[in-house]
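These notes are about the structure you will find just below.
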Amino acid sequence: MTGLKPDRLVVIGAGPAGMAAALEAVRHGAAPVVVERLDTVGGLARTVARGGQRYDIGPHRFFTLNDEVRRLFAELCGPDLRQVKRITRIFYRGRYFNYPLTPFNALFGLGMIAALRALASYVAAGLRRRTRPAPIETFEDWVVDRFGHRLYATFFKTYTEKVWGIPCQRIGASWAGQRIKGLSLLVAIRNAWFPHRKGPRTLADAFFYPRLGAGQLYDKMRARVVAGGGEVRLGTETVRLRHRDFRIVGVDCRDAAGAETALAGDFYLSSAPLTDLVAQLDPPPPDPVRDAAAGLRYRHHIGVKLCLEGGALFPDNWIYVHSPDLRMARISDYANFSPDMSGAPTRRPLTVEYFCSPGDDLWQSPDDALIARAVGELRRMGLAPGRVADAFVVRSEKAYPVIEIGSEDRIATIKAYLDRFENLLPIGRSGMFKYNNQDHAIATGLYAARTALGLGRFDPWLVNIDGLYQESGAFPDHVAPGAGASRGVGATPVAAD
């Protein structure tokens, strides 16, 4: 190994990106300290155990075409790794539709007349693309261009607006490019006729999953970090990041009892929400940077956890709820991910998900009202839940960055300022304000740790954007001139498939 490793690496946040960065650091002999506001690791990918049942915050699958990330996942999980067949559907106005979309099910499930209108709408979109091409600027533009307006209105609009709380015309097309890249009605038809042909990641029909929930992966990371000489401080909130001459000189933290402590390090990685990072810099950034951060918004997440007595309500891992008359957005049964998520064969651990914004009626609803709503909406879907043996609510603030039009310019302003710091890098979904996947978040942590350790200049901002840094193939070996490269994911990789 070459490069100058820091004596102390400070990582803010113990989600996928933060824990991956800390793990990479200890593998190279550095001493990371991870600061996490919650009382457990994993962030939004953590698993909550209660009454013998285990619940993820929301459904998490692990699917990646990146060989290195896959090997890391497999090495850490070992015998606890499960391969799960993906079964997901869409519920829309009393009917279930396959997801990923299968053309005959999607079209004829709507009825013959509606199917013909949907096909006509798709053909019309294709003709417009060829005769009167227009810029693709919004999420609506992107989907209508590939599916036609009628299928967009049925299978994309209502769900997307539930999740983000704004009209699809205000969501940037870049979000669709990140999340459902390569998908169109034509691709769905091709995959229906040629199911073994490699398709976009949205169409993956299997995924990997830890036996005891998504959070088990990060529990294993934490154990490795601590065994390697690192430290993970839970229940500790970051208050401010002190800096001088574009170098972070210390982090002030507050524990659950209110006591403040100061941490000093050589390099700092932050997976806290990007807006929080800007607000915590001391002295404050210039006005244009703060104004840019003030213009960024996150969506909150509510997970209603239900332990139900009886058999399975549905065979799916999760169901997308598109019906506009239901407030829930998604429902998952974790026993359909792994039987070990349930403490007894007769019990089903479910999460019913709601998305909301600060101050709206859902976020302000008491837990008992949210539980009653979730049970009532299940019954309206025809999923009689039977006896509810246990129920509780988990609220997550700033869970999803809202990629609305104008956000990219604001992020660019913030990034240009943060790039001037010689020992600070944002990482992860919230930290970089990028709505990416679990494997992408892990990749940003690995890249940033290698940069901090002096192993080269790996840019985590390029994950899921630049072709070399997307989900295909191994991590690039390119480093700055004169620097060495390091894989850093274990000497004996284990194949995950």
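When a residue number appears, it is its place in the shown sequence, counting from 1. Note that the structure is predicted; figures quoted are calculated from it, not measured. Worth knowing before you read on, the calculation uses all heavy atoms, side chains too, and leaves out hydrogens, waters and symmetry mates.
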Step-by-step side chain to side chain donor-acceptor pair (under 3.5 Å) determination, S357 to D360: CA-CA 6 Å; S357 296; D360 70 15; 4.6 Å; no
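- Note that CE of M432 is 8.0 Å distant from NZ of K415, once rounded to the nearest 0.5 Å.
- Of the options Y209, Y218, F208, F73, a ring pair (Phe, Tyr, Trp, His ring centres under 6.0 Å) to F62 is made by F73 and by none of the others.
- Side chains of I414 and L296 form a contact here, defined as non-hydrogen atoms less than 4.5 Å apart.
- For residues 207-224, the salt bridge (charged side-chain N to carboxylate O under 4.0 Å, His left out) pairs, not counting sequence neighbours, are E75-R224, D80-R211, D80-K220, R211-D340.
- Comment: E140 does not engage K157 in a salt bridge, judged by the lack of any side-chain N to carboxylate O separation of less than 4.0 angstrom.
- Within the 6.0 Å centre-distance limit, the rings of F337 and F207 are counted as a close aromatic pair.
- Considering only heavy atoms from C-beta on, I171 stays 4.5 Å or farther from E404 through its side chain.
- In this structure, the side chains of L418 and L424 come closer than 4.5 Å at one or more pairs of heavy atoms.
- Among residues two or more places apart in sequence or in another chain, the salt bridge (Lys or Arg N to Asp or Glu O under 4.0 Å) test is passed with D287 by R290.
- Within the 4.5 Å cutoff, no side-chain heavy atoms of V251 are placed close to those of V35.
- R37 meets the side-chain contact (heavy atoms from CB on, under 4.5 Å) test with E237; sequence neighbours excluded.
- A salt bridge is defined here as a Lys NZ or Arg NE, NH1 or NH2 lying under 4.0 Å from an Asp or Glu carboxylate O, and R240 with D252 meets this definition.
- Between Q216 and C77, every side-chain heavy-atom pair lies at or beyond the 4.5 Å cut-off.
- Contacts classified as ring-ring contact (aromatic ring centres under 6.0 Å, His included) and involving residues 271-297 (residues at least two apart or in different chains) are not found.
- Side-chain polar atoms of Y152 and D141 form no donor-acceptor pair below 3.5 angstrom.
- Qualifying side-chain hydrogen bond (donor to acceptor under 3.5 Å, both in side chains) partners for R327, counting only residues two or more places apart in sequence or in other chains: D361.
- Cation-pi geometry between R299 and W164 is not met at under 6.0 angstrom from the ring centre and within 45 degrees of the axis.
- P167 is linked by a side-chain contact (heavy atoms from CB on, under 4.5 Å) to E161, Q169, R170, counting only residues two or more places apart in sequence or in another chain.
- The aromatic rings of F421 and Y417 sit perpendicular, their planes meeting at an angle over 60°, well past the 30° parallel limit.
- Cation-pi check for R86 over Y99 is not met; the charged atom does not lie both under 6.0 angstrom from the ring centroid and within 45 degrees of its normal.
- At least one donor-acceptor pair closer than 3.5 Å links the side chain of K434 to the backbone N or O of V463.
- No side-chain donor-acceptor contact under 3.5 Å links T154 to the backbone of L151.
- A heavy-atom distance below 4.5 Å is not found between the side chains of I248 and F267.
- Taking the six-membered ring for Trp, F355 and H301 have ring centres closer than 6.0 Å.
- In this structure, D276 pairs ionically with K398, as a charged nitrogen and a carboxylate oxygen lie closer than 4.0 Å.
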Side chain to side chain donor-acceptor pair (under 3.5 Å) for Y55 and T47? Distances and angles first, verdict last. CA-CA 5 Å; Y55 309 81; T47 300; over 6 Å; no
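- Every residue meeting the ring pair (Phe, Tyr, Trp, His ring centres under 6.0 Å) condition with Y298, not counting sequence neighbours, appears here in chain and number order: F433.
- Within the structure, ring-ring contact (aromatic ring centres under 6.0 Å, His included) pairs that include any residue of residues 220-241 do not occur (at least two apart or interchain).
- Looking at D266, its side chain does come within 3.5 Å of a backbone N or O of R8 through a donor-acceptor pair.
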Quick one, V48 with R54, criterion side-chain contact (heavy atoms from CB on, under 4.5 Å). Give me CA distance, side-chain angles, the key distance, then yes/no. CA-CA 6 Å; V48 179; R54 302 179 69 85; over 6 Å; no
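- Checked against side-chain hydrogen bond (donor to acceptor under 3.5 Å, both in side chains), S407 has no partners two or more places apart in sequence or in another chain.
- Between R233 and E36 there is no salt bridge, since no side-chain N of the basic residue sits under 4.0 Å from a carboxylate O of the acidic one.
- Considering only heavy atoms from C-beta on, L362 comes within 4.5 Å of L370 through its side chain.
- For R146 (side chain) and V143 (main-chain N/O), no donor-acceptor pair under 3.5 Å exists by modelled atom type.
- Between the side chain of N437 and the main chain of D439, no donor-acceptor pair closer than 3.5 Å is present.
- N317 has its side chain within reach of V84: a pair of non-hydrogen atoms, C-beta onward, lies under 4.5 Å apart.
- At least one donor-acceptor pair closer than 3.5 Å links the side chain of T451 to the backbone N or O of F458.
- Scanning for salt bridge (Lys or Arg N to Asp or Glu O under 4.0 Å) contacts around R330 gives E353, with sequence neighbours left out.
- For R70 (side chain) and T64 (main-chain N/O), a donor-acceptor pair under 3.5 Å exists by modelled atom type.
- Going from atom CD1 of I427 over to atom CG of L269 covers 5.0 Å, rounded to the nearest 0.5 Å.
- S338 contributes no side-chain N or O that, together with a main-chain N or O of Y334, makes up a donor-acceptor pair within less than 3.5 Å.
- With S365 contributing its side chain and W363 its backbone, the two residues share no donor-acceptor pair below 3.5 Å.
- Without hydrogens or angle criteria, D255 side chain to G258 main chain gives a donor-acceptor distance under 3.5 Å.
- For E422, the side-chain hydrogen bond (donor to acceptor under 3.5 Å, both in side chains) partners are R247, not counting sequence neighbours.
- For Y268, the ring pair (Phe, Tyr, Trp, His ring centres under 6.0 Å) criterion is met by no residue, not counting sequence neighbours.
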